[in-house]
Amino acid sequence: MAARLPLAILLALAAVAGRAAAQDYDFFYLVLQWPGSYCDTKQSCCYPKSGKPAADFGIHGLWPNRDDGSYPQNCNPDAAFNPSKVSDLLSSLRAKWPTLACPTNDGLRFWGHEWEKHGTCAAGVFDEHGYFQAALRLRDRLGVLAALTSAGVNPDGGYYTLDQIKGAIREGTGFEPYVECNRDEAGNSQLYQLYFCVGAAGDSFVECPVLPRGRPCGSRIEFPAF
Ligand code: 5GP
Ligand code: 5GP
């Protein structure tokens, strides 16, 4: 019996590990945010300790999602965010995944939240370093701001239609995002977040299997400066 016990424990552990590693999602949303629209609301914002971020789309997160619209979250309480595992990525994270939440901080809280809530649910493809590296590479590959500005859609406080915004991004990147709007202090609908879909392996863009339930846009969409 004493000799059999460790084997039984081993088998039980293997079963648990197998279940944890099983992929419980179908694709990812890569969610980008326009800093001007995060800040230009009643909640306002705080620049991170590293200073005012560039006037460009930053990453909000890379979120595993299921085809039915549901999603797993907080999949491994034992995989707490460890900044030392991404030390080589910190300057890129500061530049391309800046936090705008108050109070002013260094970003570790935002990155830790995204890793723990979403990243841990893709443990079959990404460890912590791989998760952040993949999101950074995917964002760079898109070049969303260049796609918009080369079609004359500029962050200048002007108004654009949803078709203009989606068309410019489709033309410039090859993929059409879901566009989520929020409202500025005066109540105007403004371009807030873009959702792109990424295949389950986390390395290529795909057409979205299902659209998120973000706040829809008005017929005139402001693209505020930052
Ligand atoms: P999610 O909405 O991804 O679950 O959570 C975002 C969390 O990260 C919130 O607690 C929010 O306060 C925090 N956060 C920190 N910086 C940012 C930011 O720049 N944008 C957004 N959307 N959330 C941020
Ligand atoms: P909100 O209610 O602000 O749209 O979303 C709050 C948080 O819930 C997001 O930051 C994100 O962490 C999570 N969330 C909201 N919608 C989705 C979704 O469609 N898919 C995934 N994976 N997470 C989502």
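On a predicted model such as this, the values are computed, not experimentally measured, just so you know. Read the numbers this way: they start at 1 and go in the same order the structure lists the ligands and their atoms. Scope of the values below: all heavy atoms of this structure, side chains included, with no hydrogens, waters or symmetry mates.
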*Where ligand 1 meets Thr99 - atom numbers and elements under 4.0 angstrom, heavy-atom basis*: 15 (C), 16 (N), 17 (C), 19 (O)
*With a 6.0 Å cut-off on ring centres, are Phe28 and Phe126 close enough?*
yes
*Should you measure from each heavy atom of Tyr38, which atoms of ligand 1 turn up under 4.0 Å away?*
18 (C), 20 (N), 21 (C), 22 (N)
_Would you say the rings of Trp63 and Tyr71 are close, in the sense that their centroids are separated by under 6.0 Å?_
no
_Joint cluster assignment, Ile165 & Tyr195, ILVMFWY side-chain distance < 4.5 Å_ = no
_Atoms of ligand 1 close to Tyr192 [distance to a heavy atom under 4.0 angstrom, numbered from 1]_ = 22 (N)
*Between Glu185 and Lys42, does at least one N-O distance fall below 4.0 Å, as a salt bridge requires?*
no
*Does Phe226 have Lys52 sitting over its ring (NZ/CZ under 6.0 Å from centre, angle to axis within 45°)?*
yes
_Please tell me whether Phe196 and Phe175 form a close aromatic pair, meaning their ring centres lie under 6.0 Å apart._
no
_Neighbouring protein residues of ligand 2 - any heavy atom closer than 4.0 Å_ = Tyr29, His60, Trp63, Pro64, Asn65, Tyr71, Lys117, His118, Arg215
*Basic-acidic side-chain contact under 4.0 Å: Asp203, Arg137*: no
_Phe110 versus ligand 1: do any nitrogen or oxygen atoms come within less than 3.5 Å of each other?_
no
*Examine ligand 1 and decide if any of its atoms is less than 4.0 Å from a heavy atom belonging to Pro98.*
yes
_Ring-ring centroid check Phe81 His113, cutoff 6.0 Å_ = no
